[in-house]
Amino acid sequence: MYKAYLCIIFIASHYVAATAGVFRVTGSLYDYSVQVPEGWDLIPAESIAPDLQQDAKIDCGLFPVNQQDYFEGNFVVTHFMPVNKELTNLTFKQIIDEITVLNRQNEVRSDTLSVRFDKMIPDEANYCLRSYFSVSKGAVEMRKCHTLYLTKHGYVSVVTYSKSGGKPIGQVQNQMSGLIQVAPEFCYSEPLQQSASVGYFIFSLTLALVVYVILSILAKKRDGLILLQKKLLSYSNPNLKLKNFKLPTSNFKSQTSNLK
């Protein structure tokens with residue numbers, strides 16, 4: 001059985017190294033590592049099937065050590081998928097929409113091959129997307145989970161396969177979860193413009209509330225001062241209230257005459 005404890009390959013700007021259970025892949029646009037889970041081992045590069053490398057050069061392949069064959073029941077392959085523009089220009093929601101459309105477009109219906117897109121589970125906490133597919137190729141049926149870890153310049157692609165006789169795709173996927181680490185300088189983050197606009201809205205709303213409270217307090221104080229001023233004026237000039245007061249003389253005379 002193949003055991004890989006140290007493997008170094010140089011391909012142009014592409015660097016791959018595996019040591020102490022950690023498989024690291026670096027290039028000019030990416031830098032990520034794969035923690036080899038317990039009970040798993042690396043698949044030799046020369047043993048990776050050609051049809052798995054049609055779209056991109058596979059960086060890393062993993063299989064359970066209790067399998068007699070690398071591609072018998074469960075196996076995992078990873079590679080980097082570059083994009084034309086930085087993903088940091090797109091929000092996570094926009095990326096979800098784009099990948100959903102691509103997943104639908106990648107469905108296949110033919111006599112020899114069937115690829116059906118089942119569902120996608122976004123993970124905003126880790127900025128990754130998990131897309132599940134059902135695949136039938138001749139007499140072979142399998143499930144696969146295509147996980148995309150977002151980076152600045154593309155995706156770290158991790159494809160988990162579950163063929164007949166292997167563990168369920170969900171169980172294998174859980175075992176792989178959290179084993180991919182992207183170097184901090186290549187990590188994805190949502191556009192600053194969106195974060196700034198949200199922050200500006202919150203700031204504006206808070207400022208408006210503060211101004212409203214201050215104006216309300218000043219208005220109450222103003223009314224109180226006016227009332228206080230009136231009271232002080234009335235106390236300082238007791239005749240102020242009688243200034244415009246006139247006795248009803250006509251009625252008073254009539255009433256006094258009646259008393260006589």
Side-chain angles (χ1 to χ4, degrees), residues 23 32 34-43 45 47-83 87 90 92-151 154-180 188:
F23 192 92
Y32 74 94
V34 182
Q35 177 71 47
V36 180
E38 184 178 356
W40 289 65
D41 207 343
L42 295 174
I43 299 174
S47 299
I48 295 178
D51 59 338
L52 293 175
Q53 306 207 49
Q54 288 180 352
D55 298 326
K57 173 70 177 178
I58 299 299
D59 295 328
C60 172
L62 301 171
F63 78 105
V65 294
N66 59 359
Q67 287 184 180
Q68 296 299 318
D69 185 84
Y70 298 127
F71 308 102
E72 184 179 76
N74 301 119
F75 59 96
V76 177
V77 293
T78 75
H79 70 279
F80 181 76
M81 298 170 55
V83 293
L87 290 181
L90 301 174
F92 189 58
K93 176 64 169 58
Q94 289 174 320
I95 295 173
I96 290 174
D97 293 339
E98 286 192 4
I99 298 301
T100 300
V101 172
L102 289 175
N103 286 339
R104 295 294 184 191
Q105 292 176 349
N106 289 332
E107 289 186 314
V108 178
R109 297 284 194 278
S110 69
D111 296 336
T112 58
L113 178 64
S114 172
V115 179
R116 185 183 73 244
F117 169 53
D118 297 326
K119 63 180 178 179
M120 182 172 68
I121 301 178
D123 182 357
E124 188 171 2
N126 297 302
Y127 285 133
C128 71
L129 306 173
R130 296 182 177 89
S131 301
Y132 291 84
F133 297 85
S134 297
V135 182
S136 297
K137 189 175 182 180
V140 179
E141 294 189 0
M142 69 178 79
R143 295 285 311 285
K144 78 172 184 178
C145 176
H146 192 181
T147 303
L148 297 175
Y149 291 87
L150 279 60
T151 72
Y155 305 93
V156 175
S157 168
V158 181
V159 187
T160 304
Y161 293 88
S162 176
K163 297 171 68 175
S164 178
K167 294 180 180 179
I169 191 69
Q171 185 176 344
V172 180
Q173 181 59 35
N174 289 337
Q175 198 171 1
M176 295 294 120
S177 180
L179 300 180
I180 303 295
Y188 165 83

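Here the structure is a predicted model, which is why all the values come from computation and not from measurement.
Side chains of Leu102 and Arg104 form no contact here, defined as non-hydrogen atoms less than 4.5 Å apart. At a threshold of 4.5 Å between non-hydrogen side-chain atoms, the residues Lys144 and Tyr132 do not count as touching. A heavy-atom distance below 4.5 Å is not found between the side chains of Glu141 and Val135. Using a 4.5 Å cut-off on side-chain heavy atoms (C-beta onward), Met176 and Pro37 make contact. In this structure the side chain of Val115 never reaches within 4.5 angstrom of the side chain of Asn106, judged on heavy atoms. Residues Ile95 and Tyr188 meet the side-chain proximity criterion, which asks for heavy atoms closer than 4.5 Å. In this structure, Cys145 and Val159 have side chains that are not in contact, with every pair of non-hydrogen atoms separated by 4.5 Å or more. Side chains of Val172 and Trp40 form a contact here, defined as non-hydrogen atoms less than 4.5 Å apart.
Applying the salt bridge (charged side-chain N to carboxylate O under 4.0 Å, His left out) test to every pair with at least one member in residues 93-102, sequence neighbours left out, gives these pairs: Lys93-Asp97. Pairs engaging residues 108-117 under the salt bridge (charged side-chain N to carboxylate O under 4.0 Å, His left out) rule: Arg116-Asp118 [sequence neighbours left out].
Ring-plane geometry between Phe63 and Tyr70 is classed as perpendicular, the angle between the planes exceeding 60 degrees on a 0 to 90 degree scale with a lower cut at 30.
Scanning all heavy atoms of the two residues, the minimum distance from Asn74 to Lys167 falls at OD1-N, 2.8 Å. Across Cys128 and Tyr149, no two heavy atoms sit closer than the pair CB-CD2, 3.8 Å. Annotation for Ser131 and Asn103: closest pair OG-ND2, 2.9 Å, computed over non-hydrogen atoms. Of all the heavy atoms in Met120 and Pro122, the pair that sits closest is O-CD, 3.6 Å. Closest heavy-atom contact between Ile48 and Ile43: CG1-CG2, 4.0 Å.
Considering only residues two or more places apart in sequence or on other chains, Phe117 meets the ring-ring contact (aromatic ring centres under 6.0 Å, His included) condition with Phe133. Taking Thr151 as the reference, nothing meets the side chain to side chain donor-acceptor pair (under 3.5 Å) condition, with sequence neighbours excluded. With sequence neighbours excluded, the residues that form a side chain to side chain donor-acceptor pair (under 3.5 Å) with Asn126 are Asp123. The side chain to side chain contact (heavy atoms under 4.5 Å, CB included) check on Asp69 picks up Phe71, Glu72, with sequence neighbours excluded.
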- prompt: So Ile169 and Met142, side chain to side chain contact (heavy atoms under 4.5 Å, CB included) or not? Walk me through it.
  reply: CA-CA 9 Å; Ile169 191 69; Met142 69 178 79; over 6 Å; no
- prompt: Would His79 and Lys57 satisfy side chain to side chain contact (heavy atoms under 4.5 Å, CB included), going step by step from the backbone distance to the final call?
  reply: CA-CA 7 Å; His79 70 279; Lys57 173 70 177 178; over 6 Å; no
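Note that CD of Gln105 and OG1 of Thr100 are 11.0 Å apart. Values are rounded to the nearest 0.5 Å. The CG atom of Leu148 sits 5.5 Å away from the OG atom of Ser157 when rounded to the nearest 0.5 Å. Here Ser134 contributes atom OG and Lys119 contributes atom NZ; the two are 10.0 Å apart, rounded to the nearest 0.5 Å. Here Met81 contributes atom CE and His146 contributes atom NE2; the two are 5.0 Å apart, rounded to the nearest 0.5 Å. Rounding to the nearest 0.5 angstrom, the gap separating the CG atom in Leu87 from the CD atom in Gln94 is 11.0 Å. Put simply, CZ on Phe75 and OG on Ser162 are 9.5 Å apart, with the number rounded to the nearest 0.5 Å.
Looking at Thr78, Thr160, Val76 one by one, the single match for side chain to side chain contact (heavy atoms under 4.5 Å, CB included) with Leu62 turns out to be Val76.
The aromatic ring centres of Tyr127 and Phe92 sit less than 6.0 Å apart.
With Asp59 contributing its side chain and Phe80 its backbone, the two residues share a donor-acceptor pair below 3.5 Å.
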